[in-house]
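Single-structure report; data block below.
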Amino acid sequence: MSQEQPQRSPEPVKYGDVFKVSGQLASKPIAPQDAAALQAAETAVYGHTIKGGPASVVQSAADFNERRGVVGHDDMTGAVREHGATIAEANIGGYRVVTEAIGGQVVGQYGLPVGTQIDQSKSTLAGEAVTIGEALEAAALSAGNKPVDKSDVAAIQAAEVRATGLGHVVAGGVGAEAQSAAAHNMQATRDEKKTILATRDEEKTTLADVLTDASEKLVGDKPVTREDAEAVIYAEARNKDDLSTNPGGVAAVVAAAARLNQK
């Protein structure tokens, strides 16, 4: 008599799959009450949640995990219960530097000119499919401080090609902007070596500089699929010496979005 094979437990979306976090938090499944905490923080500051922002990403991941039965509706991660969800702002050099944290770790940091208001139309509802443009915007928050390099360029260009369906990078589009940013950063690094002076990362062009408002920069957009994610992961990994992807970077966020869009 044949024995039934034990069924594998569904794989949850964990914090480390979506954000550049470390320690125990990285291995924890994202829970519904985590999302509620971060949404409350964003709403208290902005009056709504930000489309493609950390709260919307956490909500989508929590919904996915709850549908898979790996978390309960009333579950909250221990680190979030202990440290909560916070949003801090600082005025630095004419910019509002906004830092979002959950469970004591930063999940988004970006700058806006002082006086800039986040558009109310950027609010989002849980359960909607995440588009490629929104995933790129989420990467601007999860890894926004990372200087753009060739692996980011490859991932962004692959995402743009999949989003538009044109089969090529658009002149003046987000992929071309990423290419220019990487070239600028590479030249800055060369200058640093020549002059034996340290070039601070904050003087380089970052993912946040390129990917903020990515949805508006794309001439076309679509919900992220598994095939889209595979193309972006391959592009990013093959342009890194260790053939890996960047933690919390473009490929990681697009992959997480594809998992969230699976029915």
Side-chain angles (χ1 to χ4, degrees), residues 11 13-21 26 30 51-54 56-58 60-61 64 107-108 128-183 185 205-263:
E11 186 69 22
V13 178
K14 301 168 185 165
Y15 277 97
D17 295 330
V18 182
F19 300 112
K20 191 176 182 180
V21 296
I30 298 175
K51 185 176 183 180
S56 113
V57 172
V58 170
S60 296
F64 177 84
V107 293
E128 296 179 353
V130 182
T131 68
I132 291 175
E134 290 168 352
L136 293 177
E137 289 175 352
L141 298 176
S142 65
N145 290 333
K146 180 184 182 300
V148 179
D149 62 23
K150 66 178 182 179
S151 67
D152 301 314
V153 174
I156 292 167
Q157 291 185 342
E160 181 183 45
V161 169
R162 300 290 300 192
T164 65
L166 296 175
H168 58 81
V169 175
V170 177
V174 67
E177 185 177 346
Q179 182 71 61
S180 296
N185 291 344
T205 306
T206 65
L207 284 176
D209 295 327
V210 174
L211 296 181
T212 298
D213 298 328
S215 295
E216 298 176 7
K217 297 175 182 178
L218 293 172
V219 297
D221 204 357
K222 63 185 282 291
V224 183
T225 66
R226 185 181 65 182
E227 291 75 20
D228 299 330
E230 289 173 350
V232 174
I233 290 169
Y234 174 74
E236 185 171 294
R238 70 186 175 88
N239 281 277
K240 285 195 69 184
D241 293 339
D242 59 1
L243 300 179
S244 67
T245 57
N246 299 304
V250 175
V253 175
V254 171
R259 289 196 295 272
L260 297 176
N261 287 346
Q262 289 178 346
K263 301 299 183 181

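These figures come from a predicted structure and were not determined experimentally.
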side-chain hydrogen bond (donor to acceptor under 3.5 Å, both in side chains) partners of Ser180, counting only residues at least two apart: none
Gap separating the CG atom of Asn185 from the CG atom of Asp149, nearest 0.5 angstrom: 8.5 Å
Minimal non-hydrogen separation, Ala214 against Gly133, with atom names: CB-O, 3.9 Å
Rounded distance [0.5 Å steps], CZ in Arg238 versus NZ in Lys150: 10.5 Å
Over all atoms of both residues, closest heavy-atom pair of Lys217 and Leu211: NZ-N, 4.5 Å
Ala159 versus Ile132, closest heavy-atom pair with distance: O-CG2, 3.6 Å
Asp242 atom CG, over 12 foreign heavy atoms within 6.0 Å: yes
Test item: Leu166 and Val161 side chains (from C-beta on) under 4.5 Å apart, heavy atoms: no
Where Ala182 and Val153 come nearest, the two heavy atoms and their spacing: CB-CG2, 3.5 Å
Gap between atom NE2 of His168 and atom CD of Glu160 - 0.5 Å precision: 9.0 Å
4.5 Å side-chain heavy-atom contact, Val57 and Phe19: yes
Lys20 atom NZ, neighbour heavy-atom count above 12 within 6.0 Å: no
Contact summary for Gly108 and Pro54, nearest pair of heavy atoms: CA-CG, 4.2 Å
Interatomic distance, Asp152 atom CG to Thr205 atom OG1 [nearest 0.5 angstrom]: 11.5 Å
Chi angles and distances behind the side chain to side chain contact (heavy atoms under 4.5 Å, CB included) call for Asp228, Lys222: CA-CA 10 Å; Asp228 299 330; Lys222 63 185 282 291; 2.5 Å; yes
Point-to-point distance, once rounded to the nearest 0.5 Å, from OG1 of Thr212 to CD of Glu137: 8.0 Å
Euclidean distance, Ile156 CD1 relative to Gln179 CD, rounded to 0.5 Å: 10.0 Å
Nearest non-hydrogen partners of Ala140 and Ala208, listed with the distance: O-CB, 3.7 Å
Among Asn246, Thr245, Asn239, the one residue meeting side chain to side chain donor-acceptor pair (under 3.5 Å) with Ser151: Asn246
